[in-house]
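Structure first, then comments.
Just so you know, these numbers use all the heavy atoms, side chains as well, and skip hydrogens, waters and symmetry mates.
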Amino acid sequence: MRSRQRPLVAAAAALAVVTAPAACSNDDEGSASAGAVTITVMGQPAATNTAALELFQQQVEEFEAANPGIDIVGSDVPWDAKTFAARLAGGNAPTVIRVPLTEPPSLIERGQVADIAAEASELESFDELNPRVMEFLVRDDAVYGIPEKSYAFGLVYNRALFEQAGLDPDDPPATWDEVRAYAKQISDATGKTGFGEISTNNSGGWHLTGYTYTNGGTMIEQGGDGAWSASFDAEPARQVLEWWKQLRWEDDSLGDNVLGKQEDLLAEFTAGNVGMWISAPPDLYPNYVAAGGDPAVYGAAAMPQGGADATLAGATVLMVDAKASAEERAAAVKWIEFRALRPNYDPEVATEYAQASAEDGLPVGVPVLPIFSEERYATIQEAIAQYVNVPVENFASYVESLDRFTYVPEPTVASQEIYAALDPLVQSVLTDPDADIDALLADAEARVNTILEQAQG
């Protein structure tokens, strides 16, 4: 299940995308030009993120001016596997859908996304896309999506709370034992939550998976007959659950708000109420800044380890609704190239976007995992250097780790269903001091095996 990838970390112009559950307005729908191909695209920033939304709208205007036969309708509706299943089946989904890398296998299997091989093969940049991501999007000669960005788990921390607790913000914790000690020191010294956790909307299962990887464990394994089965009722996951139990019930450093989702914890972190937590640091940073967070306080460190030198890695990919017409597919791929690929491939475009982002107060230079080759990203990094406005030195520990950790993908079968099945396990440990970890693990593994049987049936 595990494989080694040697990544490049590059500074690229970061376009802040804060999503909220809101549908496209009728005004936008009515703005389509007569006779033009109209496509709806996910990825529009929410109205509350005014600078990013203005930049998005400028990009739409530029794209439509260069492609007078295409009209773009933006959507800030975030991906939700449950609601979008019905929308895709009913023909009400956006033309361009934006999904985590866990979703393509099931979308492809159900025939809900289009083969865009003919259109994608015409792109200048197509052959340089990261094969480690493209392997999830290609079946034989068919291409079902294009990566927008990739990510790896790391530790996000508040440098100011570190200093208040007498900790060195340039020396973040590297192991789970150290995180526990740091969390207690922060809580004792400041009264804030030393380490924040999330456990709803599939986030509990997501975090349990990522933490288990650092201990050398797996969540599912494939047998000799090709069938997948659950594999987490073992010591690596048990260590994670015991660790959570210690922070919550022995140290009192995990706080009481343990039943939230990522957006909730980001708000608390931005407000200065949380010392540390786990996520994808580059992805969080634009939203943190947009919400008023102090860039100088934001710290990003390597994923804490339990002996495996591994971290969960994934990506966000752009796919096209299978019900799209040939004209809509062609327009969709043109938009994907314009919006997602050019800023990371074309030095001139990258420079323009970096300048515009910097002028609008958006982050430029957030260290990220690349979707293109090392040579390409070196070129982009050099092109945007003069506009970098992010304290890149605060990401030093995170950046260094990406060159030495093993990248472990999320479960390749029914990942979101697995995460949902694991949420109650995590919630039980975080809310019940007498939770029976062995019994909870056995029950969760039985439920996940049922999910896997149904997914493979």
Side-chain angles (χ1 to χ4, degrees), residues 9-20 28 31 41-67 72-76 98 125 148-149 151 156 159 266 270 280-300 316 318 334-372 376-396 398-399:
V9 178
L15 303 181
V17 178
V18 181
T19 55
D28 287 338
S31 66
V41 301
M42 293 176 69
Q44 174 179 294
T48 53
N49 194 348
T50 54
L53 179 59
E54 182 180 351
L55 179 58
F56 177 88
Q57 292 169 337
Q58 291 173 352
Q59 292 167 346
V60 170
E61 292 177 4
E62 182 184 345
F63 177 84
E64 290 179 341
N67 299 274
I72 300 295
V73 177
S75 170
D76 64 0
R98 185 174 183 264
S125 59
E148 179 188 47
K149 60 181 179 180
Y151 76 89
V156 183
R159 295 174 60 88
L266 175 60
T270 303
D283 287 0
L284 284 180
Y285 184 83
N287 295 341
Y288 168 85
V289 172
D294 182 355
V297 171
Y298 192 94
T316 301
L318 302 172
K334 285 185 178 180
W335 169 255
I336 291 171
E337 178 190 30
F338 180 89
R339 166 77 170 163
L341 300 186
R342 292 194 320 152
N344 297 295
Y345 184 83
D346 185 323
E348 182 176 347
V349 174
T351 302
E352 292 174 357
Y353 277 29
Q355 181 178 3
S357 295
E359 290 174 351
D360 288 338
L362 295 174
V364 178
V366 180
V368 298
L369 286 178
I371 59 172
F372 285 113
R376 179 61 55 182
Y377 268 90
T379 299
I380 297 299
Q381 183 177 8
E382 181 179 356
I384 70 169
Q386 62 179 312
Y387 299 109
V388 171
N389 57 11
V390 172
V392 177
E393 63 276 8
N394 290 357
F395 289 75
Y398 179 73
V399 170

Sequence-distant partners of [X], side-chain contact (heavy atoms from CB on, under 4.5 Å), two or more places apart:
| X | value |
| --- | --- |
| E54 | Q58 |
| P347 | R376, T379, I380, A383 |
| A291 | T270 |

Apply ring-ring contact (aromatic ring centres under 6.0 Å, His included) to [X] and list each qualifying residue two or more places apart in sequence or on a separate chain.
| X | value |
| --- | --- |
| Y345 | F372 |
| Y151 | none |
| Y387 | none |

Please give me the minimum heavy-atom distance between [X] and [Y], naming the atom from each residue.
| X | Y | answer |
| --- | --- | --- |
| P282 | P367 | CG-O, 3.0 Å |
| L266 | N287 | CD2-CB, 3.7 Å |
| V364 | S357 | CG2-CB, 3.6 Å |
| P45 | D76 | O-CB, 4.0 Å |
| M42 | R98 | SD-N, 3.3 Å |
| I384 | A350 | CG2-O, 3.6 Å |

Parallel, tilted or perpendicular: rings of Y353 and F338 (30°, 60°): perpendicular
Side chain to side chain donor-acceptor pair (under 3.5 Å) against E359, all qualifying residues, sequence neighbours excluded: Q355
Value rounded to 0.5 Å, distance of [atom1] in [X] from [atom2] in [Y]:
| X | Y | atom1 | atom2 | answer |
| --- | --- | --- | --- | --- |
| Q59 | Q44 | CD | CD | 11.0 Å |
| E62 | E352 | CD | CD | 7.0 Å |
| K334 | F63 | NZ | CZ | 7.0 Å |
| E148 | L318 | CD | CG | 4.5 Å |
| I371 | N344 | CD1 | CG | 4.5 Å |
| L53 | D360 | CG | CG | 11.0 Å |

Should [X] and [Y] count as side-chain neighbours, where that means a heavy-atom distance under 4.5 Å?
| X | Y | value |
| --- | --- | --- |
| Y288 | V297 | yes |
| V366 | F395 | yes |
| Y298 | P391 | no |
| E64 | I72 | yes |

Expected output: side-chain N394 to main-chain A300 donor-acceptor under 3.5 Å: no
D294 (side chain) donor-acceptor with A296 (main chain) under 3.5 angstrom: yes
Set of residues satisfying salt bridge (Lys or Arg N to Asp or Glu O under 4.0 Å) with respect to E382, sequence neighbours excluded: none
Salt bridge (Lys or Arg N to Asp or Glu O under 4.0 Å) against D346, all qualifying residues, sequence neighbours excluded: none
Residue pairs, two or more places apart or on separate chains, that pass salt bridge (Lys or Arg N to Asp or Glu O under 4.0 Å) and touch residues 281-291: K149-D283
Check against side chain to side chain contact (heavy atoms under 4.5 Å, CB included), L369 and Y377: CA-CA 10 Å; L369 286 178; Y377 268 90; over 6 Å; no
